[in-house]
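A quick write-up on the structure given underneath.
Everything quoted here is computed from the prediction, not taken from an experiment. In what follows, chains carry the letters A, B, and so on, assigned in the order in which the sequence lines appear, proteins first and then strands, with residues in each chain numbered from 1.
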There are 2 protein chains.
Amino acid sequence: MSARSAVQPNPQRPSSVRQIAEIVGVSIATVSRALNAPHQVTPATRNRILEAASRVGYRPSPLGRNLVVGRSHLVGLIVPNIGFPLYGLMARSVEDILEPLGLRALLASSDDDNDREVEAAQSLLRHAVDGGIVINSRASASLPSGPRYPWIHLSPEAAGLSGAVELDNVAGGRLAGQHLLSLGRRRLAHVAGEGREGDDREAGFLEALRDHPLEAVGRAVGDYSEQTGRISTRAILERVGRDGLDGLFLASDIMAAGALRELREAGLRVPEDVAVIGFDDAEFAGLLTPPLTTVRQPAKAMGAAAARLLLQSYTLESSETLSNQPVLFAPELVVRGSSVAAHHS
Amino acid sequence: MSARSAVQPNPQRPSSVRQIAEIVGVSIATVSRALNAPHQVTPATRNRILEAASRVGYRPSPLGRNLVVGRSHLVGLIVPNIGFPLYGLMARSVEDILEPLGLRALLASSDDDNDREVEAAQSLLRHAVDGGIVINSRASASLPSGPRYPWIHLSPEAAGLSGAVELDNVAGGRLAGQHLLSLGRRRLAHVAGEGREGDDREAGFLEALRDHPLEAVGRAVGDYSEQTGRISTRAILERVGRDGLDGLFLASDIMAAGALRELREAGLRVPEDVAVIGFDDAEFAGLLTPPLTTVRQPAKAMGAAAARLLLQSYTLESSETLSNQPVLFAPELVVRGSSVAAHHS
DNA sequence: CTGAAAGCGCTAACAT
DNA sequence: ATGTTAGCGCTTTCAG
């Protein structure tokens, strides 16, 4: 079946420079110039070419063009999971920076898996991306690279790599600690997260606590799920007793959501009995009961910074290289009802 | 650091079939065959070629290949905003279906804007995507298309288009209505959402209510924000009085979050005084207080269905065409504490 | 200002 | 089984 042929020399195939050249009666070189360097062509012929082009609905083929110029205008974007809001936000702002320059993001999910990430990078390379951004890399070092394939790293473990954007997690933990202290809380506890991020947040938290006369400091570790937020909180409560806790910092908002629930069920009031503070400032943080105080991770700004870094490396001489100093982002404290009783509202 | 050069004649330019052909002493055609149709080549030479290829770190250029085969193995993915969790989930599952087939998603955000969407589609086409999926299209009809550029629509307004995946919003509204009725609630109200989606959800809701002796039915319209959820709830309360409401359905979970807050501040208990039900089953629905009963939108399944539809159109004869019947997805009721008092837990 | 010609990297007949 | 040849759509010298 089908339009296999017979009608036109080529019914299916989109119009090409050659077709236009024939219509107008010029060479394909002139057509190319009229399109890419208009001032190099006599207005008269240029117009005839442009007119013919729009008449046949001409679309330049990026395939042909890319082949000769050697760039695809594609940028790889490796993300643990684009379905996670935080990563989605970062991806979005990467896109916003790239788009005005005619660059498009090619997506790949790594699921936080070392091997999948390397595979993704290779796959993207096979699609001829001009460069790439990798969020929360697990395999930074082993990513296939080269002068023509700059990878920008947007993650906590990128230390020492040539193009990196990081959140200052230590500062974030410090912020949380200082906030609880400033509230007069002295029986504190922390539910840490896994990995480098979690370690840094905890380090900052403890640093803020140092030299303060605390009555107690509890600790547990979670995996950034609501579940472990609850369980860890319960465990801490059992250890220190209902009166042994008046300030709780968790390494993520999701865990904090679990903590809020657990505390409520234990009959403790937030923030009166215990002030709670999370990390990330996820979309839902302000919707919880009470609204969650948290340490905000500037996802959009970080995504934008990574994109700009990539752009910058585009214009570099091949001998030059990006700074080894990561671009560090400062987190920000967002105070809500889980740490300070609502004034009114 | 690193292998800046000196090793190869050409430090910068990646290796090509030609280079390998020269090294091994065969024609470039044989190299191509050894790579793409191994069995057409003598094991001996094949091995020498493969060995040489890996030695020089050969990576086939997709640009050259695509140019001749006429496909880019790129799929466009137009999304209102990849930063929205629901869309992120859909994107992720599209990716999961596409990846095993060597297809990659090229991302573009439309911000729910008609013009931006058309621009995005054109931009993707310029990047030679083989086809595309457009989520929540505002401009379905005016998207540049053709037999070689199948667009699959994943949205409520795609009716009548050739490849479409839709959520049965009417059924969703009905589910919500039936649930409230089954709970014995008779003083109901609805906070509708804008657009076709909102209309359908409301239509289904009202349909379920028909023929039931209701004491009152309130109504307001919101724009899917927490703000308008609150305001609408307040307005309804003012209109019908504190005792005039015992069941509230909102067209989105975010609005429902606002409603929960408003009801609490009005001193009404959920679910005892009023049962609340949202729509979407967003990530945070289960984290609210009380956990939100909602109508679940099967985002992952819908994304996967759209991807499969696209794949299907890949293999179609050019005269064939996809069904005009949209693939309809049934929403699912998720009962939580906002409509039924917790048994225990 | 314009045309002719070469070539980007690869595949696909068509020969051998 | 392998080589030859042509050409995908486009840009870019190099001449004129």
Side-chain angles (χ1 to χ4, degrees), chain A residues 5 9-10 12-50 52-53 56-74 102 125-130 148, chain B residues 10 12-50 52-53 56-74 102 125-130 148:
Chain A
S5 69
N10 207 327
Q12 209 56 289
R13 163 162 289 109
S15 55
S16 69
V17 275
R18 164 142 51 211
Q19 184 187 130
I20 298 180
E22 281 169 4
I23 294 181
V24 181
V26 295
S27 75
I28 65 170
T30 303
V31 173
S32 174
R33 280 190 282 253
L35 267 23
N36 300 313
H39 56 276
Q40 288 184 31
V41 149
T42 303
T45 43
R46 186 203 311 155
N47 288 336
R48 286 165 53 220
I49 290 173
L50 262 30
V56 300
Y58 172 71
R59 300 190 163 292
S61 157
L63 273 52
R65 160 178 252 279
N66 292 344
L67 186 54
V68 43
V69 303
R71 305 213 121 173
S72 64
H73 298 277
L74 258 30
L125 250 30
R126 266 193 296 278
H127 278 283
V129 295
D130 293 340
R148 298 179 44 113
Chain B
N10 205 328
Q12 211 56 290
R13 162 163 287 111
S15 53
S16 69
V17 274
R18 164 142 48 212
Q19 183 186 135
I20 298 180
E22 282 168 4
I23 294 182
V24 180
V26 294
S27 76
I28 64 170
T30 302
V31 174
S32 175
R33 279 189 284 252
L35 266 24
N36 301 312
H39 57 275
Q40 288 185 32
V41 127
T42 303
T45 44
R46 186 203 312 154
N47 289 336
R48 285 165 52 221
I49 290 173
L50 264 30
V56 301
Y58 171 71
R59 301 192 161 291
S61 157
L63 272 49
R65 161 177 249 278
N66 291 344
L67 186 56
V68 43
V69 303
R71 306 213 120 173
S72 64
H73 298 277
L74 258 29
L125 250 29
R126 266 194 296 279
H127 277 284
V129 294
D130 293 339
R148 298 180 42 115

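Nearest heavy atom pair, residue B:Asn36 against residue B:Arg65, reads OD1-NH2, 4.0 Å. Nearest heavy-atom pair, B:Ala52 versus B:Val24, reported as atom, atom and distance to 0.1 Å: CB-CG2, 3.7 Å.
Only B:Ser32, B:Arg33, B:Asn36, listed by number, bring a heavy atom of residues 30-50 of chain B to less than 4.0 angstrom from any atom of DNA chain C.
The shortest distance between the side-chain N/O atoms of A:Arg18 and the OP1/OP2 oxygens of D:dC8 is below 4.0 Å.
Proximity note for A:Ala29 (side chain, C-beta onward) versus D:dG3, C:dG3, C:dC10: the nearest is C:dG3. Considering only the side chain of B:Arg65, C:dT11 comes nearest among D:dG9, C:dA4, C:dT11. Candidate nucleotides D:dG3, C:dC10, D:dC10 were compared by shortest atom distance to the side chain of A:Ser16, and D:dC10 ranks first.
Nearest-nucleotide assignment on DNA chain C puts the 5′-proximal partner with A:Val26, out of A:Val26 and B:Leu63.
A:Pro60 comes within contact range of the sugar-phosphate backbone alone, with a heavy-atom separation under 4.0 Å but no base atom that close.
Summary of helix geometry: the two end axes of the helix from C:dC1-D:dG16 to C:dT16-D:dA1, each defined by five base pairs via their C1' atoms, are inclined to each other by 40° (rounded to 10°).
Look at CD on B:Gln19: it is 10 Å from P on C:dG9, rounded to the nearest Å. Atom CD1 of A:Ile28 and atom C1' of D:dT12 are 11 Å apart (whole Å).
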